[in-house]
Structures are given as C-alpha cells and as structure tokens.
Asks: 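Have a look at the structure that comes next, please.
Below, read A as the first sequence line, B as the second, and so on, with proteins coming before strands; counting in each chain starts at 1. Everything quoted here is computed from the prediction, not taken from an experiment.
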2 protein chains.
Amino acid sequence: MGSGDVESAGDRNEPGSAVPAGELAGGRAQPKTDKSEATRALILETAMRMFQERGYEKTTMRAIAAEAGVSVGNAYYYFSAKEFLIQGFYDRMTYDHAADARARMAGVKDFSQRLEIALVSWLDTAAPYHEFSAQFFRTAADPTSSLSPFSNESHPARATAVELFRDVLQGSELAPKLDAELVELLPDVLWLHLMVVVLYWVFDRTEDTERTREFVRRSTPMAARVINLSRYRIFRPIVRDAKGLIQDFILPTIGKTAVKQPPAS
Amino acid sequence: MGSGDVESAGDRNEPGSAVPAGELAGGRAQPKTDKSEATRALILETAMRMFQERGYEKTTMRAIAAEAGVSVGNAYYYFSAKEFLIQGFYDRMTYDHAADARARMAGVKDFSQRLEIALVSWLDTAAPYHEFSAQFFRTAADPTSSLSPFSNESHPARATAVELFRDVLQGSELAPKLDAELVELLPDVLWLHLMVVVLYWVFDRTEDTERTREFVRRSTPMAARVINLSRYRIFRPIVRDAKGLIQDFILPTIGKTAVKQPPAS
DNA sequence: GAACAGTTTTGAACGCGTTCGAAATTGTCT
DNA sequence: AGACAATTTCGAACGCGTTCAAAACTGTTC
C-alpha cells in the first residue's frame with residue numbers, strides 16, 4: 001500500500017496562530033515512560049466507556065477525570081481537547097470493521113454480495129454507537145477539525161478502510177474487460193459509498209437503523225450494475241468524465257497524492 | 001420517517017429534558033408587539049454583522065447583546081440558542097441565491113449552462129461567508145439540530161432552492177423523450193448536487209474557492225450528459241433503479257410530502 | 001545523599017453558552 | 001384612573017471546556 005508522503009498541511013487550524021506544529025496529531029508527542037502510557041490509556045478507556053454509557057455531551061471532562069482518578073488538567077495533558085478522545089474510538093472502530101468484514105466475506109465471490117457484506121458489517125460494528133454518533137458526527141463535519149474523515153489525521157483509518165474495499169474487489173469475480181484505470185479508482189469510490197451510507201445512517205431514526213440497511217440492500221446491486229455496464233461503448237465518454245472527476249477532484253481532497261499514471265496512448 | 005406525522009423530535013435534544021415542545025422552531029412562538037419584533041430584528045442583524053466581522057465562535061452572546069444594547073437574557077428570550085441566530089442567515093442567503101441565479105439565467109436556454117449558472121451563483125452569494133462557513137457547517141451537520149439542511153425547520157429554504165432547480169429545468173430545451181417521472185425527480189436531485197458542491201466548498205481552501213468552481217465547471221456538463229443518455233435503452237434498468245432509490249430513500253429523508261405548487265409569486 | 005532538568009500532575013481560575021427568578025414594562029378590562 | 005395578567009427585560013449564577021502557573025514526581029549526574 002505504501003505510496004508516498006502526505007502533504008504536511010499543518011497550519012489549517014483556526015484557533016491558534018502560534019501552534020507549535022509539533023503535536024497536532026492527538027494529544028501528545030511521545031510517550032516518555034510506561035506509566036505515562038498507562039495513564040493515557042486509562043483516560044482513553046474511561047472516556048470511551050463513559051461515552052457509550054451516557055453519550056458524548058453528557059460525559060464531562062471533569063467526570064472522566066474523576067472516574068479515571070486523575071485531575072482534569074492531567075486529562076488535558078494527554079488529550080489537548082475533548083474531541084481528541086474520539087479519535088481513538090474512530091480508529092478502533094475502523095479496525096474492528098475491517099476485521100469483521102473480511103471474516104464475513106470469506107468464500108463469497110460475488111462482488112455485489114461482498115460489497116453489501118462490507119457495508120452491513122460497518123452498520124453492525126457501529127450499531128452500539130448510533131445513539132451518540134450524531135454528537136461526534138457534528139465534530140467530524142468540521143473541516144478544520146482533525147476528526148474530519150478527510151483530514152490528514154484520519155489518513156491511517158481511511159487507508160485501512162480503502163484497503164478493505166480493495167479486498168472486496170480483489171476477491172470478486174468481476175467481469176473481465178473492465179477499464180483497468182477505473183478499477184484502480186474503485187476502492188476509493190466505494191469508500192465514498194460507505195461515507196454516504198454513514199451519512200444516511202447518522203440521520204436514520206428508524207428501529208435498528210432498518211432504513212439504512214434497506215438502503216444498502218438496494219444500492220449495492222445498483223452499484224454493481226453500474227460498474228458492470230461501464231464496459232459498454234456508449235458509456236465510454238461518461239466513464240472518462242467520471243474518471244477525470246474522481247482523479248482531479250475527489251482523490252486529492254481525501255489526501256491521495258496523485259499516483260496517477262500518465263495516460264498512455 | 002416518510003409517512004404521516006413528523007414526530008415532534010423534541011426530546012432528541014441533548015441538553016434539556018423538559019423542553020416545552022412548543023417553540024422549537026427558532027426562538028419564539030409569535031411576535032406579540034411591534035417593539036418585540038424590532039428587538040428581535042435588532043439582535044439578529046447585530047449578530048449577523050458580527051458573525052461576518054469576527055466569525056461565529058469568536059462572537060459571543062455577551063458581545064452580541066452588548067452591541068445590540070440589550071441583556072444576554074433578552075437575546076435568549078428571542079433566540080433560545082446561539083445556533084438559531086444562524087437560521088435567519090441561512091434563509092436569507094437561500095433567498096438571495098435564488099434571486100441572483102434567476103437573474104443570471106435569463107435568456108440562457110442550454111440546460112448545462114443554466115445549471116452551472118445556478119451553482120456558480122450560489123458560490124458567489126456564499127463567498128463572503130466562506131471563512132466562517134466551517135464553523136456553522138459543523139452545527140448544520142448535527143442531525144438533531146434544526147439547522148441541518150434535512151431538518152423540518154429548513155424546509156422552507158430547501159423548498160425555495162428546489163424550486164429554483166425546477167426553474168433551471170423548465171427554462172431549458174431538454175431532449176424530448178426523457179422519462180417524465182425522472183424529470184419530475186430532477187429538481188431534488190439537482191438540489192442534492194448543490195449540497196455536494198456545498199460540501200466540497202466548505203472543505204475547499206484554495207484561493208477564491210477556485211477548486212470548487214472548477215469542480216462545478218466539470219461536473220455540470222457531465223450531469224447534463226448523464227441525463228441526456230438516460231433515454232437510451234441500456235440505461236433503462238439503471239434509470240429505474242435510480243428512480244426507485246431516490247423515491248424510496250432520498251425524498252422521504254429530505255421531508256418530501258408530495259406537495260407541489262405552481263410557481264406563483 | 002544533593003542538585004538539577006525534564007516530565008507528569010494538580011486544581012483554581014477564565015470565558016463561554018445557557019438558565020432562571022425576579023423586576024420592569026406593556027396591554028386589557030372595568 | 002386603578003388592578004391585574006401577560007409580555008419583555010434584566011443580570012447574577014451554573015456547568016461546561018479549557019488554560020496555566022505551580023507543585024510533585026522521575027531520572028540523571030556528581
């Protein structure tokens with residue numbers, strides 16, 4: 001996977017103008033000791049447990065600190081803002097999702113089915129957190145926040161997810177003769193599909209997010225069909241347009257540094 | 001949440017648990033007197049001016065109240081939360097956009113051009129607010145907030161925008177033989193297109209949001225082409241799928257209660 | 001051991017959005 | 001006019017996220 005460097009883009013942040021540019025990532029630069037690492041972990045675990053129990057907003061920093069047996073200031077020493085406590089959450093869920101989806105896909109060869117499995121797996125993985133998802137979705141929607149799914153800080157999690165969709169594709173018996181360049185772009189496009197599903201899910205208020213689940217059931221075969229049809233000649237101009245749009249406007253935005261091959265011939 | 005009554009959604013609110021469920025809309029139920037109305041307007045105008053000058057977060061409720069010459073409590077009497085001050089903003093911008101776009105479209109017959117004009121018009125209308133757009137986009141992204149573009153409270157503004165796109169279509173010389181049902185859905189789909197552009201715009205950090213403008217220039221002709229091609233036979237199954245998806249999953253979510261009204265002014 | 005430079009921890013304090021009981025004002029009826 | 005209710009206005013106070021100077025701890029060097 002390891003294509004190159006992410007453009008550093010450190011100083012996008014609103015608030016401070018004198019950010020030391022060193023420790024933007026989460027809360028700390030380096031864990032110096034084991035005890036330090038333990039404290040950090042304790043705070044994170046406590047916070048995540050409390051978020052699940054009471055929701056994000058209702059869980060105060062004071063309460064987290066008290067429950068973890070440390071002072072507020074100490075919590076802020078490790079996590080420079082409340083929202084950074086979410087990042088750990090986000091990362092872990094991405095990882096769990098990828099593992100679960102791969103397990104479920106095992107043996108399934110049909111692309112449409114694999115895609116659906118991957119998406120449903122996300123819904124299941126995220127289900128426990130649906131109630132307070134809105135509260136941190138709000139935070140994630142802030143472009144200046146490192147929690148935005150498009151931010152550099154989210155790059156590792158995003159890469160993991162994109163990789164999963166690459167697996168979805170590679171395990172499928174796709175129609176031959178598909179445009180190779182297009183296939184190359186698909187993992188990212190499918191990740192975008194997931195983002196749309198997530199968006200829908202966040203707003204979904206039905207029991208067990210049944211509506212989103214049906215949305216997935218309906219939209220996946222359609223996606224498969226579109227991909228399949230892209231082989232036909234009439235589609236060629238559109239496919240070219242779409243490819244251009246994705247390469248020029250979508251990928252750069254999600255921090256993809258132009259791995260583009262020059263158009264041969 | 002498609003059919004029937006809109007569940008009052010009062011108790012989705014985090015903070016209070018005893019919301020009277022009466023005045024969720026903006027800040028007040030009814031303006032009782034002229035003076036009342038004047039005070040309300042004064043606060044709103046002051047707030048909007050200060051938002052533009054200093055940004056949303058940096059403008060405190062205390063500062064707004066002081067500048068407007070009223071007490072904080074009074075401001076809260078009219079606007080039950082800071083975010084409600086944005087709604088006025090949102091509504092006004094939607095109105096300005098529609099007016100500006102219609103003026104610019106006058107005489108233009110080509111669909112693709114009309115669509116591009118409508119979108120560019122939005123970018124121009126919104127340009128002064130781009131700097132702090134992120135700050136209130138964050139608020140708008142909260143599904144539980146009335147400021148979400150999908151919320152019921154945003155319905156009037158949304159309807160205005162959709163109406164504009166209906167005009168975009170009606171003034172165009174579209175290919176004949178287009179699926180009538182599809183055409184009927186298009187205004188909402190084009191509004192969604194605008195939402196995507198807005199999303200892109202919010203995250204856009206280029207000079208004068210040049211990147212978004214190019215995105216519009218590239219994506220509009222493509223949209224036009226897709227619509228045009230939808231006539232061909234191979235597309236029929238996909239078009240049917242797409243129509244189903246839109247009707248069953250998109251329109252209900254954006255609060256479409258099958259109300260159609262002729263453009264009367 | 002003492003002295004010293006980190007690193008970690010503390011808790012009081014700040015500024016903010018918001019709430020609330022009460023005061024001031026306005027409107028209505030006799 | 002006075003009496004009474006409704007509306008509008010006020011500002012102190014609450015809880016929250018966050019900051020910061022100082023204290024406590026740790027490891028290193030004589």
Asks: Nearest heavy-atom pair of A:T46 and A:I64: which atoms, and what distance?
Replies: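 Heavy atoms only, the tightest pair is CG2-O, 3.9 Å.
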Asks: Please tell me which of the listed nucleotides, D:dC10, C:dT10, C:dC16, lies nearest to the side chain of B:T60?
Replies: C:dC16
Asks: Rounded to the nearest angstrom, tell me the gap between atom OH in A:Y56 and atom C1' in D:dC16.
Replies: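 It is 12 Å, rounded to the nearest whole Å.
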Asks: By nearest nucleotide on DNA chain C, pick out whichever of A:V70 and B:E83 is the more 5' one.
Replies: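 Its nearest nucleotide lies further toward 5', so the answer is A:V70.
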Asks: For C:dT10 and A:N74 - does any side-chain N or O of the residue sit under 4.0 Å from the phosphate oxygens OP1/OP2?
Replies: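 Checking A:N74 against C:dT10: at least one side-chain N or O falls below 4.0 Å of OP1 or OP2.
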Asks: Look at A:K35 and C:dT9 and indicate whether a side-chain polar atom (N or O) is within less than 4.0 Å of OP1 or OP2.
Replies: yes
Asks: Can you check the B:Y76 OH to C:dG17 P distance for me, whole Å?
Replies: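 Going from B:Y76 (OH) to C:dG17 (P), I get 6 Å.
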Asks: Between B:D124 and B:R213, is there a side-chain heavy-atom distance shorter than 4.5 Å?
Replies: yes
Asks: For the pair made of CE in A:M61 and C1' in C:dA12, what is the distance, rounded to whole Å?
Replies: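 Rounded to whole Å, this separation is 17 Å.
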Asks: Give me the atom names and distance for the closest heavy-atom approach of B:L42 to B:A68.
Replies: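 Nearest pair, atom of B:L42 first, then B:A68: CD2-O, 3.3 Å.
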Asks: Using 30° and 60° as the class boundaries, would you call the ring planes of A:F249 and B:F215 parallel, tilted or perpendicular?
Replies: tilted
Asks: Confirm from the modelled atom types if B:R62 and C:dG15 form a donor-acceptor pair under 3.5 Å, side chain to base only.
Replies: no
Asks: Can A:D100 and A:S121 be counted as having a side-chain donor-acceptor contact under 3.5 angstrom?
Replies: yes
Asks: Just compare D:dG11, D:dT9, D:dT18 and give me whichever is closest to any side-chain atom of B:V72.
Replies: D:dG11
Asks: Expressed in angstrom and rounded to an integer, what is the separation of A:D34 atom CG from D:dC25 atom C1'?
Replies: 16 Å
Asks: Nearest-Å distance, NZ (B:K82) to P (D:dG17)?
Replies: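 Going from B:K82 (NZ) to D:dG17 (P), I get 16 Å.
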Asks: Are OP1 or OP2 of D:dT8 and a side-chain N or O of B:S36 less than 4.0 angstrom apart?
Replies: yes
Asks: Please determine whether a side-chain nitrogen or oxygen atom of A:T39 lies at a distance below 4.0 Å from atom OP1 or OP2 of C:dT9.
Replies: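 The answer is yes; a side-chain N or O of A:T39 sits under 4.0 Å from OP1 or OP2.
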Asks: Could you tell me how far apart B:L42 (CG) and D:dT9 (C1') are, to the nearest whole angstrom?
Replies: 14 Å
Asks: Starting from C1' on C:dT18, measure out to CG on B:L85 and report it in whole angstrom.
Replies: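 One finds 13 Å between C1' of C:dT18 and CG of B:L85, rounded.
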Asks: If you compare every side-chain N and O of A:Y77 against the phosphate oxygens of C:dT8 (OP1, OP2), does one of them come in below 4.0 Å?
Replies: yes
Asks: Would you mind reading off the distance between B:E57 atom CD and C:dG15 atom P, rounded to a whole angstrom?
Replies: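 Whole-Å distance recorded here is 17 Å.
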Asks: Does B:Y78 make a side-chain N or O approach to OP1 or OP2 of D:dT9 shorter than 4.0 Å?
Replies: yes
